[in-house]
Amino acid sequence: MRVLLLGGTGEARALAARLHPDVPVISSLAGRVPDPALPVGEVRIGGFGGAQGLAQWLRGNDISAVVDATHPFAATITANAAQAAAGEGLPHLVLARPPWPDGDAAVVGSDTEAAEVVARHGYRRVFLTTGRSGTAAFKDSDAWFLIRAVTAPEDQLMPAHHEVLLSRGPYRVEGERDLLREFGIDALVTKNSGGAMTHAKLEAAAEVGVPVIMVSRPALPGGVRIVHTVDAAVDWLTGLR
Ligand code: NAP
């Protein structure tokens with residue numbers, strides 16, 4: 001058995017650690033961030049060249065199962081993996097952490113809708129945590145944004161008034177609360193990433209009374225098998241052996 005583990009998340013690293021060295025696993029990273037946290041075991045970095053390139057890669061590397069543990073918003077690689085695995089007749093599993101409850105958040109379907117909510121409510125100082133590619137929808141806004149991301153968005157994809165905060169989680173509630181107060185934030189925009197690493201901002205927003213605009217997850221490809229925990233992914237792989 002040889003498993004391709006599509007990663008770039010804490011869950012993928014945890015799964016690689018659980019499987020290594022008993023199950024041969026190749027972890028795959030997109031190569032977007034400098035100095036990524038690396039999983040244990042074999043790692044490859046970089047795109048495959050779409051679903052076809054991935055299918056070819058699966059064949060060429062004698063892969064017998066695919067686990068997609070990419071971020072819930074990494075929709076392109078997830079669609080490609082589902083297509084390539086189905087085409088190659090390989091067992092395929094999506095490991096996705098559970099979403100956060102919506103709570104009192106204004107739930108929207110896209111970054112563009114989130115930007116519309118910001119404009120409609122007249123929010124002036126927005127904590128924007130939708131990542132490097134999540135700023136483009138806000139670029140024509142005249143509000144001020146605190147943009148937190150792992151790597152800086154391109155200048156032309158950012159709103160005119162902003163400050164960039166480069167960092168990666170995990171975050172703590174106290175720190176998030178201080179940030180909201182220090183910058184006089186009046187709205188938080190977040191993706192529904194789920195997980196504990198970045199949940200503190202929601203607790204802090206609730207404490208400080210900052211409204212939350214939450215972008216819901218893209219739909220998964222039809223018919224895929226999905227589990228929400230590393231344990232369940234290990235069980236699934238064990239059942240294949
Ligand atoms: P995406 O939009 O779904 O994928 C864009 C392209 O990047 C894919 O078509 C593929 O290129 C390549 N790619 C993505 N993930 C890959 C992987 N694990 N291994 C090899 N190639 C990969 O992905 P994204 O949203 O940019 O995310 C990129 C990576 O960052 C993922 O590994 C994801 O888990 C991680 N990440 C994403 C987010 C987020 O909010 N989106 C947050 C944290 C971590 P080819 O078509 O050439 O194969």
Side-chain angles (χ1 to χ4, degrees), residues 3-16 25-39 41-61 63 65-85 87-88 92-100 108-111 114 128-138 147-154 157 166-171 189-199 201 213-221 224 226 228 230 233:
V3 178
L4 171 65
L5 173 51
L6 296 164
T9 59
E11 289 77 9
R13 290 190 293 278
L15 180 57
V25 173
I26 305 179
S27 290
S28 176
L29 303 179
R32 290 286 152 71
V33 296
D35 189 23
L38 291 175
E42 194 177 338
V43 179
R44 66 163 299 285
I45 298 182
F48 297 94
Q52 278 191 350
L54 177 54
Q56 222 167 39
W57 189 95
L58 293 171
R59 239 173 288 139
N61 287 272
I63 296 297
V66 177
V67 177
D68 174 359
T70 58
H71 191 272
F73 280 78
T76 305
I77 188 70
T78 290
N80 290 350
Q83 188 183 328
E88 297 302 305
H92 166 251
L93 182 74
V94 172
L95 165 57
R97 58 181 89 132
W100 293 317
V108 295
S110 65
D111 295 336
L128 184 57
T129 64
T130 46
R132 184 175 193 273
S133 59
T135 60
F138 298 85
I147 296 170
R148 185 166 69 190
V150 177
T151 51
E154 289 166 42
L157 297 182
L166 293 183
S167 77
R168 67 180 94 184
Y171 301 105
V189 179
T190 176
K191 297 189 277 202
N192 191 338
S193 297
M197 290 236 307
T198 58
H199 184 259
K201 61 189 167 188
I213 302 159
M214 179 119 73
V215 183
S216 54
R217 295 178 173 192
L220 285 168
V224 297
I226 174 164
H228 296 295
V230 170

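All ligand and atom numbering here is 1-based and tracks the order in the structure. Fair warning: this is a prediction, and the values are worked out from it, not measured in the lab. Below, all heavy atoms of this structure are taken into account, side chains as well, without hydrogens, waters or symmetry copies.
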Checklist entry - Nearest protein heavy-atom contact for atom 10 (C) of ligand 1: which residue, which atom, what distance? => result Ile77 CD1, 3.9 Å

Checklist entry - Looking at atom 30 (O) of ligand 1, would you say a protein heavy atom lies below 4.0 Å from it? => result no

Item to check | Donor on one side chain, acceptor on other, Arg148 and Thr129, under 3.5 Å | outcome: no

Checklist entry - At a 4.0 Å threshold, what atoms of ligand 1 neighbour a non-hydrogen atom of Ala75? => result 3 (O)

Checklist entry - Can you list the atoms of ligand 1 that are under 4.0 Å from a heavy atom of Gly50? => result 45 (P), 46 (O), 47 (O), 48 (O)

Checklist entry - For atom 40 (O) of ligand 1, what is the nearest protein heavy atom, given as residue, atom name and distance? => result Lys191 NZ, 2.4 Å

Item to check | Min N/O separation Ala74 to ligand 1 under 3.5 Å | outcome: yes

Checklist entry - Of all the non-hydrogen atoms in the protein, which one sits nearest to atom 44 (C) of ligand 1, and at what distance? => result Gly8 O, 3.3 Å

Checklist entry - What atoms of ligand 1 come closer than 4.0 angstrom to any heavy atom of Thr70? => result 18 (N), 34 (O)

Checklist entry - Regarding Ser216 and Asn192, is there a side-chain donor-to-acceptor distance under 3.5 Å anywhere? => result no

Item to check | Check: Arg32 and Arg132 side chains under 4.5 Å, non-hydrogen atoms | outcome: no

Checklist entry - Among all protein non-hydrogen atoms, which one is nearest to atom 9 (O) of ligand 1, and what is the separation to 0.1 Å? => result Thr76 CG2, 3.4 Å

Checklist entry - CZ of Arg217 to CZ of Arg97: how many Å apart, nearest 0.5 Å? => result 7.0 Å

Checklist entry - With atoms numbered from 1 as shown, which atoms in ligand 1 lie under 4.0 angstrom from a non-hydrogen atom of Gly7? => result 18 (N), 31 (C), 32 (O), 33 (C), 34 (O)

Checklist entry - CG of Leu15 to OG of Ser27: how many Å apart, nearest 0.5 Å? => result 8.0 Å

Checklist entry - When you measure from atom 7 (O) of ligand 1 to every protein heavy atom, which one gives the shortest distance, and what is it? => result Arg32 NH2, 2.8 Å

Item to check | Proximal ligand 1 atoms for Asn80, defined as those under 4.0 Å from one of its heavy atoms | outcome: 9 (O), 46 (O)

Checklist entry - Can you find a heavy atom in the side chain of Val189 that is under 4.5 Å from one in the side chain of Phe138? => result yes

Checklist outcome for this item: Among Trp57, Phe73, Phe48, the residue with a heavy atom nearest to atom 41 (N) of ligand 1 is Phe73

Checklist entry - What protein heavy atom sits nearest atom 11 (O) of ligand 1, and how far off is it? => result Gly47 CA, 3.7 Å

Checklist entry - What is the closest protein heavy atom to atom 22 (C) of ligand 1, and at what distance does it sit? => result Ala30 CB, 3.6 Å

Checklist entry - Honestly, is Arg44 close enough over Phe48, meaning NZ or CZ under 6.0 Å from the six-membered ring centre and within 45° of the axis? => result yes

Item to check | Chi angles and distances behind the side-chain contact (heavy atoms from CB on, under 4.5 Å) call for Tyr171, Lys201 | outcome: CA-CA 8 Å; Tyr171 301 105; Lys201 61 189 167 188; over 6 Å; no

Next on the checklist: To check your reading of the model: name the closest protein heavy atom to atom 47 (O) of ligand 1, its residue, and the distance in Å.
Outcome noted: Gly49 N, 2.9 Å

Checklist entry - How many angstroms lie between atom OG of Ser28 and atom CD1 of Ile77, to the nearest 0.5 angstrom? => result 6.5 Å

Next on the checklist: Could you measure the distance from the OG1 atom of Thr78 to the CD atom of Gln83? Nearest 0.5 Å is fine.
Outcome noted: 12.5 Å

Item to check | Which of the ligand 1 atoms, numbered from 1, are nearer than 4.0 Å to a heavy atom of Ser28 | outcome: 17 (C), 18 (N), 19 (N), 20 (C)

Next on the checklist: As an exercise, state the distance from CG of Leu5 to CD1 of Ile26, rounded to the nearest 0.5 Å.
Outcome noted: 10.5 Å

Item to check | Option nearest atom 42 (C) of ligand 1 (shortest heavy-atom distance, choices Gln52, Arg44, His71) | outcome: His71

Checklist entry - Taking non-hydrogen atoms only, is Leu29 closer than 4.0 angstrom to ligand 1 via side chain, backbone, both or neither? => result backbone

Checklist entry - Got a second to check how far Asp111's CG is from Thr130's OG1, nearest 0.5 Å? => result 5.0 Å

Checklist entry - Does ligand 1 have any atom that is closer than 4.0 Å to a heavy atom of Gly134? => result no

